Amino acid sequence: MTHSTPPRVAVVGLGGFAQTHHQALWALEREGLCRVAATCDPQPDAFSEVRAKWQFEARGVAVYDDYRKLLDAEGDALDLVTLPVPIPLHAEMHRACVERGIAAYLEKPPSLDPAEFAEMLRVERRARRATAIGFHMMADPLRLSLKERIARGEFGRVRRVSFLGLWPRSSAYYRRNDWAGRLQIGGRLVLDSCVGNAMAHYVNNLCHWAGDDAARAWRDVETVEAEMYRAHPIEGTDTVFARGRFVGGAELRLAASHACAGGQKQREIVECERATIVYVSPQEAYLRFSGRTEERLTQPHLDLWRASLKRGIEYVGGAAEAPCQRLSESAPYVAFHTLLYAAAGSIRSVRPPEAVVSHNDKGEVFVAIDGIEAAAETLAREGRLPSETGRPWAAPGGAATRDDAGRLREIVARMARDGAREPAAHLY
């Protein structure tokens, strides 16, 4: 199928994160870079105000109540379908696009089930164009310029990469759909968590920073030690601590939590032989050379979702060699995520008084683990997990290597059984 000019795009979904896609694509359409031809949702009439806001009728955007109807009716004329849909639907919709010969832009993460992901890679071999994955931070020019400098050897080999992410989430977040905070549904792996959803970008970034042999390289994790916790009344985990090593020897440290207080905080640290990168956001990063003054790096605000979608459109239109990140390039992330569960082995529940409950003026409930920020900083600075620092809420996890990935379903089933025994009415 040859592409149209400008490329014709369809968006699956009208609610949730699909609205970010619609907003970004409408802006790109106004620049003449694409044309949004169609969209769909199981309940399209529930979004009449949104459809009016985005002027679907005036723009000629066809609306369907099922993605299969959309593909059947519009597929021959489409260049790209974006899939900002729930993670459990990714594999099914990816296959449908590939089988119809349409390029897909699939939101992150592609899948959290390694067996399902392996099947997606098999399906991908038949794709006319590589599937783009919406790890939108791969569209950040500042990040990519630093990665290129690493690959050129300017800073020496990468010795350690760390991420600290403290993103508070409320009861509303865990009630937003039927799979939020779940480990599995109907025998299917879901694994919704801080590292599998909201901060999945940053776990992917760790693998990207560690791939120091090329600008476009991601490195596999070889060994992991991990501890998982839950302070919210959910089936899965809201807090993950881990350390380990990548293939090639670079260390990794990871601390991520939705059970925290205050504003959102995150920091990526890339320690190389001759320099250290501290990446806070696309607008704030620091470069520290050994024996030299710290350099502050900035750039104007950039809509990374729009930039990532733009690259996907340029790719299907022939103006770019590849999307920001291909499905196949997400394999290190999926494998790393799998090892986090295999290593932890269980999820430790944190209860009051160590779990501090608060309410905002909207009636939403927040739960914060006492001392979580200090525990995260200790891991980043000293490499010690919470169980090694005397935290009253902490308990040792375990360790795993790539050979343990096959135990994931067994471990998750045990986590679900253990979680079902613990009442959570004391929270919300």
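Counting begins at 1 with the first residue of the sequence. All values below come from the heavy atoms of this structure, side chains included, with hydrogens, waters and symmetry mates left out. It should be emphasised that the depicted structure is a prediction, and the values quoted were computed from it without experimental measurement.
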If I compare all heavy atoms of [X] with all of [Y], which pair ends up nearest, and what's the gap?
| X | Y | result |
| --- | --- | --- |
| L304 | P282 | CD1-CG, 3.8 Å |
| A217 | K147 | O-NZ, 2.9 Å |
| T237 | I347 | N-CD1, 3.9 Å |
| L327 | I133 | CA-CG1, 3.6 Å |
| A405 | L339 | N-CD2, 4.4 Å |

With no hydrogens and no angle check, is any side-chain donor or acceptor of [X] less than 3.5 Å from a backbone partner on [Y]?
| X | Y | value |
| --- | --- | --- |
| R51 | F56 | no |
| N197 | A200 | no |
| S170 | V365 | no |
| S349 | Y229 | no |
| Q266 | V280 | yes |

Original post:
Got a sec, which residues hit side-chain contact (heavy atoms from CB on, under 4.5 Å) with E49, two or more places apart in sequence or on another chain?
Top reply: none
**OP:** Apply side-chain contact (heavy atoms from CB on, under 4.5 Å) to A374 and list each qualifying residue two or more places apart in sequence or on a separate chain.
**Re:**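 side-chain contact (heavy atoms from CB on, under 4.5 Å) list for A374, sorted by chain: R391.
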Do [X] and [Y] have a side chain donor and acceptor closer than 3.5 Å?
| X | Y | result |
| --- | --- | --- |
| Y64 | D72 | no |
| Y67 | E92 | yes |
| S328 | E124 | no |

**OP:** Give the C-alpha distance, both sets of side-chain angles, the deciding distance and a yes or no for salt bridge (charged side-chain N to carboxylate O under 4.0 Å, His left out) between E377 and R267.
**Re:** CA-CA 10 Å; E377 292 289 351; R267 187 168 81 250; 2.9 Å; yes
**OP:** Return the orientation label for the H258 and Y173 ring planes: parallel under 30°, perpendicular over 60°, tilted otherwise.
**Re:**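 H258 vs Y173 ring planes: perpendicular.
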**OP:** Check the pair L25 / I313 against side-chain contact (heavy atoms from CB on, under 4.5 Å), numbers first and verdict last.
**Re:** CA-CA 10 Å; L25 289 168; I313 291 166; 3.6 Å; yes
Subject >> Those residues that, when tested against F246, pass ring pair (Phe, Tyr, Trp, His ring centres under 6.0 Å) (two or more places apart) >> reply: none
Original post:
Excluding sequence neighbours, so at least two apart, what forms ring pair (Phe, Tyr, Trp, His ring centres under 6.0 Å) with H90?
Top reply: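 None.
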**OP:** Apply salt bridge (charged side-chain N to carboxylate O under 4.0 Å, His left out) to E74 and list each qualifying residue two or more places apart in sequence or on a separate chain.
**Re:**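 R8.
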**OP:** Going by the side-chain hydrogen bond (donor to acceptor under 3.5 Å, both in side chains) test, name the single residue among Q325, H337, K108 that passes it with N204.
**Re:** Q325
**OP:** For salt bridge (charged side-chain N to carboxylate O under 4.0 Å, His left out), just list the numbers for E388 and R243, CA-CA rounded to whole Å, side-chain angles, deciding distance to a tenth of an Å, and then say yes or no.
**Re:** CA-CA 13 Å; E388 298 167 335; R243 67 186 177 204; 2.8 Å; yes
**OP:** Return each pair, listed once, that meets ring pair (Phe, Tyr, Trp, His ring centres under 6.0 Å) where at least one residue sits in residues 98-144; pairs must be two or more places apart or across chains.
**Re:** H21-Y105, F135-H201, F135-Y333, H136-H201, H136-W305
